[in-house]
Amino acid sequence: MAGNNAIKEVLGKFKGKVLFDEPMSCHTSLCVGGRADALVMIEDEDQLTQIVGGLSEGKINYLPVGNLTNIIVRDGGYRGVILLMKGLTEIRYKQLPDGGHYIRAEAGAALSKLVGLTLTNELTGLEFCTGIPGSVGGALWMNAGAYGKEMKDVVSSLSLLTAEGRKINMKRQDISFSYRRAILPADAIILSGEFKLEKGVSGQIKEKIGEIMRLRQDKHPLEYPNAGSIFKNLPGMPAGRIIEELGLKGKCCGDAQVSLKHANFIVNKSRATAADILTLISLIQDMAKKEKGINLETEVVIIGEN
Ligand SMILES: Cc1cc2nc3c(=O)[nH]c(=O)nc-3n(C[C@H](O)[C@H](O)[C@H](O)COP(=O)(O)OP(=O)(O)OC[C@H]3O[C@@H](n4cnc5c(N)ncnc54)[C@H](O)[C@@H]3O)c2cc1C
């Protein structure tokens, strides 16, 4: 695998802000994670294309990320380059002559901004994203969902940068989605997504957004760093309920705790490490298997080295 010098040499050829040996705990919503060899603030598609070309040629690992609200980086850090889609934030609304309403949003744009724009333009369909703290790219890659709807229900096309450095468009009907995953060409980076929405009524959209916000504030432990749901729900059986039935609500490992408010959340009460969180995850999985014969799969993405 390429070492730090090779990474510095490759990244030195391109413009843009690079943080070397960067603690990922400063960037993940859980506030845990060791150091990445480098973290690049992506400014635009051209810079991203050039950097990905350089990294591929140098056989250097890289990972595109959005807002890091669904990632656990192990304490040993990430060997390679994290590509933070910081600058790809444009969001545009267009109405086509056929009457269709579309919003195109770049990968780094915040979902909250996207929801805000739908409200301004009286469009309905994306209210379910209210309160999901991720980026458009992360939500599309994860097929994020809530309250019975997922990204797959509203996306009409994706623009991707392939591992070979080609920009391609994929229509919704050519993309498969599973629970919390879009099935895309290997190592493709999402550049932007287009969403087909319906004209709605401003008051009703506002009401729905407000209702979801209230539900989230009531049910989620937003007062502590967290990464949303840790485990995937089973059909008809929320993972949180399984964890509660196992008696693990409130269980601690170091400063990591199975939330007292919502058992499918693990919170960082102060100085938890990734190892603390991963220990709790393993404990929950082992008990679910042993006591209920259930395989609980993680929804969060776990990367890096021990
Ligand atoms: C309080 C809270 C509530 C949450 N509620 C929900 C919820 O209701 N529903 C839900 O589904 N999730 C929820 N989440 C989890 C998370 O916010 C979503 O999954 C979100 O969509 C992740 O976006 P992100 O930008 O943070 O992705 P990241 O965490 O940065 O990345 C997640 C994955 O996507 C990949 N990725 C990111 N950007 C790109 C890109 N441009 N191209 C290719 N791959 C990319 C990364 O490599 C990684 O594998 C919640 C999280 C928190 C903290």
Side-chain angles (χ1 to χ4, degrees), residues 24-25 27-34 67-75 111-112 128-134 138-139 142-150 178-181 209-304 306:
M24 293 308 294
S25 54
H27 301 275
T28 58
S29 62
L30 264 167
C31 301
V32 301
N67 228 8
L68 296 119
T69 61
N70 213 31
I71 292 185
I72 298 174
V73 183
R74 293 190 186 91
D75 297 314
L111 283 179
S112 56
F128 75 94
C129 288
T130 302
I132 302 181
M142 293 293 307
N143 186 26
Y147 307 104
K149 265 190 133 181
E150 295 174 320
S178 65
Y179 182 34
R180 297 293 173 268
R181 194 58 40 92
I209 289 175
E211 189 188 323
I212 294 178
M213 225 42 216
R214 278 191 297 278
L215 277 173
R216 285 185 177 273
Q217 272 154 8
D218 279 357
K219 297 206 165 145
H220 295 172
L222 304 177
E223 61 279 27
Y224 293 114
N226 70 80
S229 295
I230 294 286
F231 298 101
K232 294 179 182 173
N233 292 319
L234 280 85
M237 213 194 296
R241 199 193 317 148
I242 299 169
I243 299 166
E244 256 186 72
E245 286 173 8
L246 291 169
L248 291 174
K249 215 174 185 182
K251 179 81 184 165
C252 291
C253 177
D255 273 340
Q257 183 181 41
V258 176
S259 166
L260 288 162
K261 208 167 179 184
H262 191 313
N264 199 15
F265 280 56
I266 293 180
V267 295
N268 179 354
K269 294 199 77 178
S270 176
R271 291 180 176 188
T273 60
D276 294 334
I277 290 164
L278 293 168
T279 303
L280 278 182
I281 290 177
S282 296
L283 175 79
I284 293 167
Q285 285 175 323
D286 290 349
M287 277 184 70
K289 182 76 192 159
K290 215 190 263 168
E291 295 193 14
K292 289 180 176 282
I294 291 171
N295 284 319
L296 275 181
E297 277 181 49
T298 48
E299 178 176 321
V300 282
V301 176
I302 301 167
I303 64 163
N306 281 315

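Because the structure is predicted, anything quoted here is derived from the model rather than measured. Hydrogens, waters and symmetry mates play no part in the numbers below; they use all other heavy atoms, side chains included.
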Could you tell me if the side chain of [Y] sits less than 4.5 Å from the side chain of [X], heavy atoms only?
X	Y	result
Lys251	Ile284	no
Tyr147	Thr130	no
Leu68	Met24	yes
Gln285	Thr298	yes
Ile72	Ile281	yes
Ile242	Leu234	yes

What pair of heavy atoms forms the shortest contact from [X] to [Y], and how long is it?
X	Y	result
Ser29	Pro225	O-CB, 3.2 Å
Ile266	Ala256	CG2-CB, 4.2 Å
Asn268	Leu30	ND2-O, 2.9 Å
Ala275	Asp75	N-OD2, 2.8 Å
Val258	Leu280	N-CD1, 3.9 Å
Asn70	Ala227	OD1-O, 3.4 Å

- Pairs flagged by salt bridge (Lys or Arg N to Asp or Glu O under 4.0 Å) wherever residues 281-300 is involved - sequence neighbours left out: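 Sorted pair list: Arg180-Glu299, Lys232-Glu297, Glu245-Lys292.
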What is the distance from atom [atom1] of [X] to atom [atom2] of [Y], rounded to the nearest 0.5 Å?
X	Y	atom1	atom2	value
Ile303	Thr28	CD1	OG1	9.5 Å
Gln217	Glu223	CD	CD	11.0 Å
Arg216	His262	CZ	NE2	9.5 Å
Phe265	Leu222	CZ	CG	7.0 Å
Thr69	His27	OG1	NE2	14.5 Å

Polar side-chain atom of [X] near backbone of [Y] as donor-acceptor pair, under 3.5 Å:
X	Y	answer
Tyr224	Ser259	no
Asp255	Arg271	yes
Asn67	Pro133	yes
Asn264	Ala239	no
Lys261	Lys219	no
Gln257	Gly250	yes

- Query: Can you name the side chain to side chain contact (heavy atoms under 4.5 Å, CB included) partners of Lys149, sequence neighbours left out?
  - Reply: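 In terms of side chain to side chain contact (heavy atoms under 4.5 Å, CB included), with neighbours along the sequence ignored, Lys149 is linked to Phe128, Asp153, Val154.
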- Step-by-step side-chain contact (heavy atoms from CB on, under 4.5 Å) determination, Met287 to Leu296: CA-CA 10 Å; Met287 277 184 70; Leu296 275 181; over 6 Å; no
- Item | Distance-only side-chain donor-acceptor flag, Asp276 / Thr273, under 3.5 Å |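 There is such a pair (donor and acceptor under 3.5 Å, judged by atom type) between the side chains of Asp276 and Thr273.
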